[in-house]
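We use all heavy atoms of the structure for the numbers below, so side chains are in, but hydrogens, waters and symmetry mates are not.
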Amino acid sequence: MTIRLYDTSARQTRDFTPLVPGCVSIYLCGATVQAAPHIGHIRSGLNFDIMRRWFTYRGYDVTFVRNVTDIDDKIIRKSAEQNRPWWSIGYENERAFNDAYSALGCLPPTYEPRATGHVTEMVEMMRGLIERGHAYEADGNVYFDVRSFPGYLELSNQDLDELRQPSGEGETGKRDPRDFAMWKAAKEGEPSWETPWGRGRPGWHLECSAMAHKYLGTAFDIHGGGIDLIFPHHENEIAQAKAFGDDFATYWVHNFWVTMSGEKMSKSLGNSVLVSEMVKHWRPIVLRYYLGTPHYRSTIEYSEDALREAESAFARIEGFIQRVAEKAGGVVEAADEVPPAFAEAMDDDLGVPGALAIVHTTVRQGNSALAADDKEAAVARLAEVRAMLGVLGLDPLDPHWAGESDRGDDLHGVVDTLVRLVLDQRESARARKDWATADAIRDQLGQSGLVIEDGPSGPRWSLGPR
């Protein structure tokens with residue numbers, strides 16, 4: 001058994017070899033909490049949640065760090081625009097992100113450090129870099145000297161002579177326009193912390209280098225994030241950490257975007273779809289299926305039609321689970337191991353689409369067993385399906401999703417009573433062989449969005465696809 005991952009730094013898929021046998025250390029660039037999350041933000045958390053679950057299934061002890069950037073230019077701008085404390089905006093949106101992660105079934109990280117809680121570590125790193133000749137102070141700012149680090153731009157494969165480094169307001173005193181800010185001098189009315197070079201606040205890149213060092217040490221296995229972070233963020237993280245003396249990350253794994261009309265989903269483009277709104281209209285487990293089942297290195301083009309297709313596909317899985325549980329007379333526990341073909345797909349750069357194909361094939365086999373009244377085979381297939389869904393965080397029988405299987409839970413009991421009355425009328429019609437009336441009742445229920453299935457213990461209803 002060998003897990004293989006596409007390593008951005010190597011530009012190829014590599015066998016995964018952990019630094020410490022039996023252990024995996026992962027650092028994921030988490031939320032910048034200037035606003036509530038849209039589904040594009042949450043995709044990264046979902047993809048790395050699946051990675052973490054697969055490593056755990058394969059027997060690794062996983063340490064998963066996902067940071068919170070709670071101070072940066074965007075948060076400060078929002079503070080001024082809304083006339084609210086910067087920390088109030090950050091905390092409110094941090095909670096919104098955690099609610100979204102939880103709603104979509106992401107396991108909590110091992111550690112979730114905030115940037116503002118690690119200024120001491122940032123100062124120590126800057127001091128070390130200045131002493132080694134890789135950084136310098138100017139006008140209260142601290143800059144990284146990119147020409148002092150020979151490996152700069154190897155991750156993004158750029159030419160230093162043609163580089164256009166993003167710069168912020170007030171970044172004065174640079175020796176070279178390509179140098180980047182690790183620390184920004186204080187401005188009136190903005191948050192600041194005391195340092196040997198004067199009061200100021202951290203730059204975005206320094207935060208992650210310092211926190212990764214704090215929680216994972218001088219070397220760790222995997223650094224993750226969206227492809228938009230490769231430059232400048234991850235490139236600058238590498239420069240800081242390695243110039244400081246760390247080996248830093250062995251593998252770099254990047255997920256692709258959720259797009260709308262071909263453009264990256266983002267607040268600035270005004271095309272975002274907030275998770276808090278999406279879960280009002282779509283079941284969270286369906287959203288997880290939609291966002292988590294494409295390959296992490298493929299772009300998801302958002303559309304409601306695609307969401308409806310995901311809903312229908314997942315409904316077929318749920319229907320199979322319900323029918324077998326009814327046939328078995330109770331809950332069927334997950335198998336101890338997933339099918340070999342599923343494992344092979346997941347080992348190959350987290351090939352979730354191929355793994356999901358095995359799920360649907362197993363569901364079809366289980367349905368065939370049900371049709372043949374082969375209870376033993378149907379139960380065996382369900383056990384395999386539950387094992388596979390568990391790895392993907394999509395097992396509807398998992399306690400996390402308890403009570404979530406029907407939309408409109410508060411009205412479920414009322415609707416069930418009303419539908420049962422209509423189904424009783426249909427059963428009476430069938431008993432007197434009035435097939436026309438029975439079929440008409442079923443058709444009317446179908447037009448209302450309900451799916452009626454006749455089983456050994458009587459008819460069962462569920463909400464159909466939208």
* To do: Please work out which of the three classes, parallel, tilted or perpendicular, describes the rings of H254 and W252, given edges at 30° and 60°.
  => parallel
* **Salt-bridge present (D398, R386; N to O < 4.0 Å)** => no
* Side chain R132, main chain G128, donor-acceptor under 3.5 Å -> yes
* Determine whether I300 and R43 make a side-chain contact, defined as any pair of heavy atoms from C-beta on separated by less than 4.5 Å. => yes
* To do: Check whether any side-chain N or O of Y111 sits under 3.5 Å from a backbone N or O of L216 as a donor-acceptor pair, and report yes or no.
  => no
* Asked: Would you call N141 and E137 a side-chain contact if the rule is heavy atoms closer than 4.5 Å?
  -> no
* Structure fact -> To the nearest 0.5 Å, atom NZ of K264 lies from atom CZ of F256 at 13.0 Å
* Under 4.0 Å between a Lys/Arg side-chain N and an Asp/Glu carboxylate O for E94 and R114? -> yes
* Asked: Which heavy atom of P177 sits nearest a heavy atom of Q165, and at what distance?
  -> O-CB, 3.8 Å
* Answer yes or no: does atom CD of E194 have more than 12 heavy-atom neighbours from other residues, nucleotides or ligands under 6.0 Å? => yes
* Basic-acidic side-chain contact under 4.0 Å: R127, E131 -> no
* Structure fact -> For F314 and P396, the nearest pair of non-hydrogen atoms, with its separation, is CZ-CD, 4.2 Å
* In terms of heavy-atom contacts, does CZ of R164 have more than 12 from other residues, nucleotides or ligands at under 6.0 Å? -> no
* Can you tell which of F64, F248, Y215 makes a ring pair (Phe, Tyr, Trp, His ring centres under 6.0 Å) with F220? -> F248
* Asked: Is there side-chain contact between V352 and Y296, with at least one heavy-atom pair below 4.5 Å?
  -> no
* To do: Looking only at non-hydrogen atoms, find the nearest pair between P109 and E112 and report the distance.
  => CG-CB, 3.7 Å
* Identify the heavy atoms of N67 and T69 that sit nearest to each other, and give their distance. => ND2-OG1, 3.3 Å
* Asked: Does any non-hydrogen side-chain atom of L160 lie less than 4.5 Å from one of V146?
  -> yes
* Asked: After noting the C-alpha distance and the side-chain angles of F342 and T362, does the key distance pass the side-chain contact (heavy atoms from CB on, under 4.5 Å) rule?
  -> CA-CA 10 Å; F342 180 95; T362 308; over 6 Å; no
* CH2 of W87: more than 12 outside heavy atoms within 6.0 angstrom? -> no
* Asked: Any salt bridge between D49 and R66, counting N to O under 4.0 Å?
  -> no
* Ignoring hydrogens and geometry, is there a side-chain-to-backbone donor-acceptor pair from D72 to I75 under 3.5 Å? -> yes
* State, yes or no, whether a side-chain contact exists between F231 and L155 at a heavy-atom distance under 4.5 Å. => no
* **Step-by-step side-chain hydrogen bond (donor to acceptor under 3.5 Å, both in side chains) determination, N236 to Y152** => CA-CA 8 Å; N236 293 351; Y152 192 59; 2.6 Å; yes
* Does OH in Y136 sit with more than 12 non-hydrogen atoms of other residues, nucleotides or ligands closer than 6.0 Å? -> yes
* For K74, look at atom NZ and say whether over 12 heavy atoms of other residues, nucleotides or ligands are found less than 6.0 Å away. => no
* To do: Answer yes when R283 and E318 have at least one side-chain N-carboxylate O distance shorter than 4.0 Å, and no when they do not.
  => yes
* Under 3.5 Å: donor-acceptor pair, side chain of S298, backbone of H295 -> yes
* To do: Taking Q240 for its side chain and H205 for its backbone only, find out whether a donor-acceptor pair lies under 3.5 Å.
  => yes
* To do: Tell me yes or no: between the side chains of E235 and S156, is some donor less than 3.5 Å from an acceptor?
  => yes
* Any side-chain heavy-atom pair of P232 and P166 under 4.5 Å -> yes
* Asked: Atom NZ in K184, atom OG1 in T172: separation rounded to 0.5 Å?
  -> 12.0 Å
* Asked: So, S25 side chain and D221 main chain: donor-acceptor pair closer than 3.5 Å or not?
  -> yes
* Asked: Is any side-chain N of the basic residue among K280 and E277 closer than 4.0 Å to the acidic one's carboxylate O?
  -> yes
* Does the pair R95/D99 count as a salt bridge with the N-to-O cut at 4.0 Å? -> no
* Determine, for K242 against D247, whether the closest basic-nitrogen to carboxylate-oxygen distance falls under 4.0 angstrom. => no
* To do: With salt bridge (Lys or Arg N to Asp or Glu O under 4.0 Å) as the test, would you mind laying out the steps for D15 and R4 before giving the verdict?
  => CA-CA 4 Å; D15 289 352; R4 293 170 55 77; 2.5 Å; yes
* To do: Could you go through the side-chain hydrogen bond (donor to acceptor under 3.5 Å, both in side chains) check for R53 and T56 one step at a time?
  => CA-CA 5 Å; R53 288 171 182 265; T56 300; over 6 Å; no
* To do: Report, as yes or no, whether the 6.0 Å neighbourhood of atom CG on D336 holds more than 12 heavy atoms from other residues, nucleotides or ligands.
  => no
* If you measure from the Lys or Arg side-chain nitrogens to the Asp or Glu carboxylate oxygens, is any gap between E92 and R84 under 4.0 Å? -> yes
* Asked: Any side-chain heavy atom of H234 within less than 4.5 Å of one from C208?
  -> no
* To do: Return yes if some donor-acceptor pair links the side-chain N/O of T293 with the main-chain N/O of Y289 below 3.5 Å, else return no.
  => yes
* Do you know the tightest heavy-atom contact between M265 and G40? -> SD-N, 3.7 Å
* Asked: M346 and I358: side-chain contact (heavy atoms from CB on, under 4.5 Å), yes or no, with the steps?
  -> CA-CA 11 Å; M346 292 296 291; I358 305 303; over 6 Å; no
* Pair K174 + D139, salt bridge at N-O below 4.0 Å -> no
* Asked: Is D349 close to R297 at the side-chain level, that is, under 4.5 Å between some pair of heavy atoms?
  -> yes
* Kindly compute the distance separating CD (E162) from CG (L153), expressed to the nearest 0.5 Å. => 11.0 Å
* Asked: For the side chain of D159 and the backbone of D161, is there at least one donor-acceptor N/O pair under 3.5 Å apart?
  -> yes
* **Step-by-step side-chain hydrogen bond (donor to acceptor under 3.5 Å, both in side chains) determination, S209 to E237** => CA-CA 5 Å; S209 295; E237 277 189 69; 4.6 Å; no
* Test item: S148 side-chain N/O and D145 main-chain N/O as donor-acceptor pair under 3.5 Å -> yes
* **Residue pair P113 / H118: nearest heavy atoms and the distance that separates them** => CB-CE1, 3.4 Å
* Just say parallel, tilted or perpendicular for the rings of F244 and H213, cut-offs at 30° and 60°. => perpendicular
* Asked: Side chain of H41, backbone of H38: donor and acceptor closer than 3.5 Å?
  -> yes
* Is the Y290 ring parallel, tilted or perpendicular to the Y302 ring (thresholds 30°, 60°)? -> perpendicular
* Asked: Is it true that atom CD of Q365 has more than 12 heavy atoms of other residues, nucleotides or ligands lying nearer than 6.0 Å?
  -> yes
* To do: Taking only Lys NZ, Arg NE, NH1 and NH2, and the carboxylate oxygens of Asp or Glu, determine whether R308 and D305 approach each other closer than 4.0 Å.
  => yes
* To do: Could you check D73 against R201 for side-chain contact (heavy atoms from CB on, under 4.5 Å), going step by step and ending with a plain yes or no?
  => CA-CA 10 Å; D73 293 344; R201 61 181 175 84; 2.5 Å; yes
* Asked: Does Y251 have R14 sitting over its ring (NZ/CZ under 6.0 Å from centre, angle to axis within 45°)?
  -> yes
* **D179 with R147: basic N within carboxylate O range, under 4.0 Å** => no
